[in-house]
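Bear in mind the structure is a predicted one, so any value in this text is a computation, not a measurement. Quick note: residue numbers are just sequence positions, from 1.
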Amino acid sequence: ESSTGGIKIGSNEYIIGMINNVDSPYYEYINAKIIRLNSNRDTVWNRVFNMGADNKFITINTKNNGQSFQVLGFADVDTLGVNYDAFISTIDSSGNLISNIQLGGTANDFLYGLEYLDNGNYLVCGHTFSQGAGISDIWLLEIDTIGNIIWEKTYGGAVFDRIENARGLLIHDNHIYIAGRSSYGSTAGYLIKTDMQGNLVWEKKFVKGYTVDKFVSFSLWDNESFI
C-alpha cells in the first residue's frame with residue numbers, strides 16, 4: 001500500500017521528502033529527495049530531483065517488491081510560486097529516474113494516494129484547485145503508466161474538500177473508499193465510496209464540534225468494517 005514519508009522493503013528503507021540545497025528560505029531552492037538506508041540505517045545512496053521550483057516527494061509505493069517505485073509529489077514548474085502540478089515519478093532500485101508523469105491544470109493540484117489496478121493502470125487520488133464544484137475538490141483518477149487519463153472525477157461542495165494522506169485511499173470489495181475532510185464554516189471528516197469507475201455510491205460527513213475534524217487514513221477491520 002502507499003506510504004507517506006517512506007517505505008520498508010526487506011532490510012532496506014526508502015525515505016522521501018525534500019531538501020533545501022542552499023542556506024536560503026526561498027522556495028526555488030527546494031528539491032525532492034529519496035534516500036535508501038540499509039539494515040544498520042547507513043545511507044546506501046541518496047538522490048535529489050528537480051522537476052521545477054519547490055519540489056517535494058510525498059508518497060511512495062511499489063508493485064514489484066522494490067525493483068522500482070512510484071513516488072508522488074508536486075512542483076511549481078514554471079509559474080514562480082503560483083501553480084503547483086502533481087508528479088508521479090518512477091524510480092528504480094538504484095535511485096535512477098525512469099519516467100515522470102505530470103498532472104494538473106491552471107491552479108494548484110496535488111496527489112497523495114496511489115494504488116495499483118489489476119489492468120496495470122494506476123488509481124491516484126488527491127485534491128485539485130483547477131476543477132470541481134468548490135475552491136478545492138477531492139480528485140480521483142485512473143491513468144495508465146505513461147500518464148494518459150482513463151477517467152477522472154471530483155467530489156465536494158462549495159469550499160474546501162481534501163485528502164491529505166497516502167492511506168486515505170483504499171480499494172476493497174471492488175469499490176473505492178476515500179477519507180479526507182470537508183470545510184464549510186467548520187471542518188468535517190469526509191468519507192466517500194465509489195465504484196471502480198469513480199461513480200459516487202455514497203458520501204458522508206462527520207462533525208464533532210466547531211474546530212477541525214478530519215479523517216486521515218483507513219484500516220480494514222475484520223474484512224467488513226473500517227477504522
Side-chain angles (χ1 to χ4, degrees), residues 1-4 58-64 69-72 74 85-88 90 101-105 107-184 187-207 213-227:
E1 63 182 3
S2 294
S3 178
T4 300
I58 303 170
T59 299
I60 185 170
N61 205 350
T62 180
K63 64 178 179 180
N64 52 23
F69 301 90
Q70 280 66 51
V71 188
L72 275 61
F74 63 81
D85 280 347
F87 277 85
I88 304 171
T90 296
I101 296 171
Q102 180 180 350
L103 296 167
N108 294 324
D109 301 291
F110 305 94
L111 293 174
Y112 287 86
L114 181 147
E115 297 295 333
Y116 302 107
L117 299 173
D118 292 340
N119 62 8
N121 291 338
Y122 304 146
L123 181 74
V124 291
C125 189
H127 56 263
T128 174
F129 288 79
S130 296
Q131 56 180 306
I135 298 174
S136 68
D137 275 25
I138 289 177
W139 186 31
L140 181 68
L141 308 89
E142 179 182 345
I143 63 172
D144 66 19
T145 56
I146 60 173
N148 296 309
I149 296 174
I150 310 303
W151 54 260
E152 62 180 323
K153 304 281 187 179
T154 59
Y155 314 93
V159 189
F160 295 99
D161 300 281
R162 302 184 182 186
I163 174 177
E164 298 177 329
N165 189 281
R167 294 183 179 177
L169 175 65
L170 177 71
I171 298 173
H172 173 65
D173 196 22
N174 208 36
H175 285 88
I176 301 165
Y177 296 85
I178 301 167
R181 64 172 179 166
S182 180
S183 300
Y184 192 94
T187 298
Y190 192 18
L191 296 181
I192 298 169
K193 178 181 179 180
T194 80
D195 65 18
M196 291 304 296
Q197 288 71 49
N199 299 305
L200 186 66
V201 176
W202 52 252
E203 59 182 345
K204 297 184 183 296
K205 298 178 181 180
F206 301 83
V207 180
D213 301 297
K214 63 180 179 179
F215 294 128
V216 177
S217 65
F218 281 112
S219 289
L220 189 60
W221 179 263
D222 233 2
N223 207 39
E224 293 182 357
S225 304
F226 304 106
I227 56 174

Discussion item. Quick check against the 3.5 Å criterion: does T59 have a side-chain atom that pairs as donor or acceptor with the backbone of Y112?
Written reply: yes
Discussion item. Determine whether a donor-acceptor pair (N or O, by modelled atom type, separation under 3.5 Å) exists between the side chain of Y116 and the backbone of N61.
Written reply: yes
My understanding is that only residues two or more places apart in sequence, or in another chain, count here; which of them pass side chain to side chain contact (heavy atoms under 4.5 Å, CB included) with [X]?
X	value
K193	H175, Y177, V201, W202
I146	D144, N148
N119	L117, N121, E142

Practice prompt. Would you tell me whether T128 and D137 have side-chain atoms, one donor and one acceptor, within less than 3.5 Å of each other?
Written response: no
Worksheet item: For residues 134-161, which residue pairs qualify under ring-ring contact (aromatic ring centres under 6.0 Å, His included), counting only residues two or more places apart or in two chains?
Response: none
Which residues satisfy the ring pair (Phe, Tyr, Trp, His ring centres under 6.0 Å) test with [X], sequence neighbours excluded?
X	result
F129	none
F69	Y14
F110	F74, H127

Item to complete: Would you indicate whether the side-chain heavy atoms of M196 and I171 approach each other to under 4.5 Å?
Response: yes
Nearest heavy-atom neighbours spanning [X] and [Y]:
X	Y	answer
C125	L140	CB-CD1, 3.9 Å
L103	D109	O-CB, 4.5 Å
K205	D161	NZ-OD1, 4.4 Å
A107	S130	N-OG, 2.9 Å
D85	G104	OD1-CA, 3.7 Å

Mind checking side chain to side chain donor-acceptor pair (under 3.5 Å) for [X] and listing every partner two or more places apart, or none if nothing turns up?
X	result
N64	T62, S68
T145	none
T154	none
N199	K153, D195

Roughly how far, to the nearest 0.5 Å, is the [atom2] atom of [Y] from the [atom1] atom of [X]?
X	Y	atom1	atom2	answer
I58	E164	CD1	CD	10.0 Å
I88	Q70	CD1	CD	8.0 Å
I150	L123	CD1	CG	11.5 Å
I138	I178	CD1	CD1	6.0 Å

